[in-house]
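Written below as structure tokens is the structure these notes are about.
Letters A, B, ... are given to chains in the order of the sequence lines, protein chains preceding strands, and every chain is numbered from 1. Here the structure is a predicted model, which is why all the values come from computation and not from measurement. All values below come from the heavy atoms of this structure, side chains included, with hydrogens, waters and symmetry mates left out.
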Number of protein chains: 2
Amino acid sequence: MIESLKENIAKHISISNKELDDFCRLFKIRSVKKKDHLLREGEVCNFEGFVSNGLFRIYHVDYNGFEQILYFATTDWWITDIDSFTNEKPSMLSIEALEDSEVCLISKSDKDFAYEHYPKIERLFRIMTQKTHVSLQRRMIDNLSKTADERYLDFIDKYPHHKRLSNRLIAGYLGISHEFVSKIRKKLSQGK
Amino acid sequence: MIESLKENIAKHISISNKELDDFCRLFKIRSVKKKDHLLREGEVCNFEGFVSNGLFRIYHVDYNGFEQILYFATTDWWITDIDSFTNEKPSMLSIEALEDSEVCLISKSDKDFAYEHYPKIERLFRIMTQKTHVSLQRRMIDNLSKTADERYLDFIDKYPHHKRLSNRLIAGYLGISHEFVSKIRKKLSQGK
DNA sequence: ACAAAGCATTGAACAAGTTCAACAAAATTC
DNA sequence: GAATTTTGTTGAACTTGTTCAATGCTTTGT
């Protein structure tokens with residue numbers, strides 16, 4: 001639904017209805033089945049997307065074959081590999097639907113067109129990039145200073161959608177083994 | 001020196017000399033003595049800065065009293081707490097000079113003025129924020145998947161300025177104890 | 001040049017997290 | 001709805017990194 005995209009944009013910047021309509025017309029809606037990939041490592045990411053419904057994981061497979069999850073994108077989040085998208089180079093990341101989902105996608109040329117014609121849009125993306133930057137910074141600090149137990153609790157606390165995620169996915173996000181997630185849960189459910 | 005600021009900006013965007021001059025006139029030069037703080041946790045960060053000479057650490061003191069170093073900013077880097085600066089709220093971060101240094105500083109109102117009058121500047125900061133975002137993302141993945149030894153080697157490898165840093169500072173960046181840095185060094189110098 | 005403070009190194013005991021293997025419980029598939 | 005695959009749980013042995021304490025080495029300030 002394009003409506004939720006409009007709402008999301010209006011939350012970040014002030015923009016006229018006309019401009020908002022024009023910009024949103026550049027997006028194409030796409031349904032993605034559970035387990036389908038929007039992007040695979042090695043491909044060039046040719047879209048920036050807004051999740052109008054569903055759930056995705058953005059992840060990287062490390063040299064040991066472990067899947068490190070950078071973040072989960074649920075309804076109302078944006079997804080892309082900025083590096084690959086803006087510099088048109090092969091992606092280190094993959095994006096997979098964890099549930100049947102729907103996204104609004106914009107191509108690089110259409111986004112560049114928007115940057116040239118609607119200065120507000122340049123601001124929109126500056127602000128959004130800043131926000132994700134701030135939260136990444138905070139996560140970086142937390143990862144450096146907190147134990148796995150604390151990070152697990154923080155995660156559960158901060159992301160209501162954790163209930164839709166398996167232990168293995170949570171482990172991939174926290175950077176620990178799934179067995180250890182299991183042990184943390186046990187410890188918490190017992191003596192707390 | 002304002003010249004190095006101009007060069008740095010020209011590296012990121014194409015901009016007329018006139019606009020570049022006008023924008024750079026908004027900066028004030030400031031010398032900072034070794035061990036002086038440009039920003040202390042709890043203060044609102046009222047500047048964005050470009051390091052024209054010297055070396056800084058940007059860090060956070062965690063709830064155990066440990067200093068987590070987010071990054072080092074040497075000559076040609078930008079420094080600020082974006083969150084505090086843009087949202088005018090108390091900072092979680094501190095910024096300290098590790099050597100006698102010189103920075104070019106711009107205030108929030110002057111930067112907002114620039115955003116309104118020079119659209120190129122909005123682009124400059126979008127691009128810079130994107131770049132730091134990409135490198136933070138990569139560091140996040142590395143921290144999740146690599147051991148301390150590997151991260152130490154990566155760091156030494158990637159940052160030529162590591163020679164100006166004590167073990168304790170490197171430890172603060174890698175998120176490990178300074179004793180362990182010492183042990184890693186020993187291991188590397190011996191059997192490799 | 002000296003004292004004081006901070007920095008680096010090392011070892012021993014400990015804590016946090018991994019790995020492997022075995023089994024139970026859900027969820028998918030045909 | 002039975003069979004197959006994926007997910008979760010638990011224990012034992014192991015690896016990685018921490019903590020604390022002792023010692024010597026550099027800086028720094030005066």
Side-chain angles (χ1 to χ4, degrees), chain A residues 33-37 55 57 59 61-69 72 96-100 142-156 161-192, chain B residues 33-37 55 57 59 61-69 72 96-100 142-156 161-192:
Chain A
K33 279 263 161 61
K34 181 170 175 171
K35 289 193 182 172
D36 273 2
H37 275 79
L55 179 62
R57 68 196 255 248
Y59 68 99
V61 181
D62 74 21
Y63 60 116
N64 291 315
F66 281 89
E67 300 184 348
Q68 303 297 337
I69 295 176
F72 299 101
E96 183 200 9
L98 298 174
E99 300 174 354
D100 290 349
D142 283 355
N143 264 316
L144 288 173
S145 57
K146 296 187 175 176
T147 64
D149 298 38
E150 293 170 311
R151 282 180 292 143
Y152 176 79
L153 284 172
D154 284 358
F155 178 76
I156 291 302
H161 59 256
H162 73 263
K163 286 174 188 159
R164 298 193 258 159
L165 301 171
S166 68
N167 270 5
R168 299 171 117 88
L169 290 170
I170 295 176
Y173 180 89
L174 296 176
I176 58 180
S177 66
H178 68 272
E179 293 96 330
F180 198 59
V181 171
S182 200
K183 284 165 191 171
I184 291 174
R185 290 180 104 137
K186 192 189 178 192
K187 195 163 65 178
L188 291 174
S189 73
Q190 290 181 343
K192 263 222 118 177
Chain B
K33 278 262 161 60
K34 181 171 175 171
K35 288 194 181 170
D36 273 2
H37 275 78
L55 179 61
R57 66 196 256 248
Y59 67 100
V61 181
D62 74 21
Y63 61 117
N64 291 315
F66 282 89
E67 301 183 350
Q68 304 296 338
I69 296 177
F72 298 102
E96 183 201 7
L98 297 175
E99 302 174 354
D100 291 349
D142 283 355
N143 264 311
L144 288 174
S145 58
K146 296 187 174 175
T147 65
D149 299 38
E150 293 171 309
R151 275 154 34 209
Y152 175 80
L153 284 172
D154 283 359
F155 178 75
I156 292 302
H161 58 257
H162 72 262
K163 286 175 187 159
R164 299 193 257 160
L165 301 171
S166 67
N167 271 5
R168 299 171 116 87
L169 290 171
I170 295 175
Y173 180 89
L174 297 177
I176 58 180
S177 67
H178 68 273
E179 292 96 330
F180 198 59
V181 172
S182 201
K183 284 164 193 172
I184 291 174
R185 290 179 102 137
K186 192 187 177 193
K187 194 163 64 180
L188 291 175
S189 72
Q190 291 181 342
K192 264 223 120 177

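- At most 12 non-hydrogen atoms from other residues, nucleotides or ligands lie less than 6.0 angstrom from CZ of A:Phe66.
- A salt bridge links B:Lys187 and B:Asp149; the closest N-O separation between the charged side-chain nitrogens and carboxylate oxygens is under 4.0 Å.
- Here the range on DNA chain C touched by chain A, meaning any atom under 4.0 Å from one of its heavy atoms, is C:dG17 to C:dT28.
- Rounded to whole Å, the distance from NE2 on B:His178 to C1' on D:dC20 is 11 Å.
- Once rounded to the nearest 0.5 Å, the distance linking CG of B:Leu55 with CG of B:Leu169 reads 8.5 Å.
- Here B:Arg151 does not pair with B:Asp142 in a salt bridge; the nearest charged N to carboxylate O distance is not below 4.0 Å.
- For A:Lys183, the side-chain atoms get nearest to D:dT10 when compared with the rest of D:dT19, D:dT10, D:dT7.
- Nucleotide D:dT6 holds its C1' atom 14 Å from the CD atom of A:Glu67, rounded to whole Å.
- Residue B:Ile184 contributes atom CD1, which lies 11 Å from atom P of D:dT16 at whole-angstrom precision.
- When the nucleotides D:dT18, D:dT10, D:dG17 are ranked by their closest atom to the side chain of B:Ala148, D:dG17 comes out on top.
- Of the inter-residue distances, the one linking A:Ile176 atom CD1 with B:Leu144 atom CG reads 10.5 Å to the nearest 0.5 angstrom.
- Distance check: A:Glu179 CD to A:Arg168 CZ gives 7.5 Å after rounding to the nearest 0.5 Å.
- Considering only side-chain N and O atoms, B:Lys146 lies nowhere under 4.0 angstrom from the phosphate OP1 or OP2 of D:dT16.
- With sequence neighbours excluded, the residues satisfying side chain to side chain contact (heavy atoms under 4.5 Å, CB included) with B:Lys33 are B:Asp36, B:Asp100.
- Within 4.0 Å of B:Ser182, counting heavy atoms only, lies at least one base atom of the nucleic acid.
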Quick one: which protein N/O atoms are closer than 3.5 Å to N/O atoms of nucleotides 21-23 of chain D? Pair and distance per line, please.
none

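- In this structure, the ring-ring contact (aromatic ring centres under 6.0 Å, His included) partners of A:Phe72, at least two apart in sequence or on a different chain, are A:Tyr173.
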Could you go through nucleotides 26-30 of chain D and list every protein N or O atom that sits under 3.5 Å from one of its N or O atoms, giving the distance for each pair?
residue: D:dT28; atom: OP1; partner: B:Lys34; partner atom: NZ; Å: 3.3

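- The interatomic distance linking B:Asn64 (CG) with D:dT18 (P) rounds to 12 Å, in whole Å.
- Considering every non-hydrogen atom in both B:Val181 and B:Ala171, the closest pair reads CG2-CB, 3.6 Å.
- Smallest separation of non-hydrogen atoms from B:Leu165 and B:Leu98: CD2-CD1, 4.0 Å.
- Here the closest non-hydrogen pair linking A:Tyr63 and B:Ser145 is OH-O, 4.2 Å.
- Nucleic acid contact class of A:Ser177 (heavy atoms, under 4.0 Å, all strands): base.
- In terms of heavy-atom proximity, A:Lys35 sits nearest to A:Glu96 at CA-OE2, 3.5 Å.
- Atoms OH (A:Tyr152) and P (D:dG8) sit 10 Å apart, rounded to a whole Å.
- Where the helix from C:dA1-D:dT30 to C:dC30-D:dG1 starts and where it ends, the local axes point in directions that differ by 70°; five pairs per end, rounded to 10°.
- B:Thr147 comes within contact range of the sugar-phosphate backbone alone, with a heavy-atom separation under 4.0 Å but no base atom that close.
- Taking NE2 from A:His162 and OH from A:Tyr152, the interatomic distance works out to 6.5 Å, rounded to the nearest 0.5 Å.
- Put simply, CZ on A:Phe180 is 14 Å from P on D:dG17, counting in whole angstrom units.
- The structure places CD1 of B:Ile170 at 12.5 Å from NE2 of B:His178, a figure rounded to the nearest 0.5 Å.
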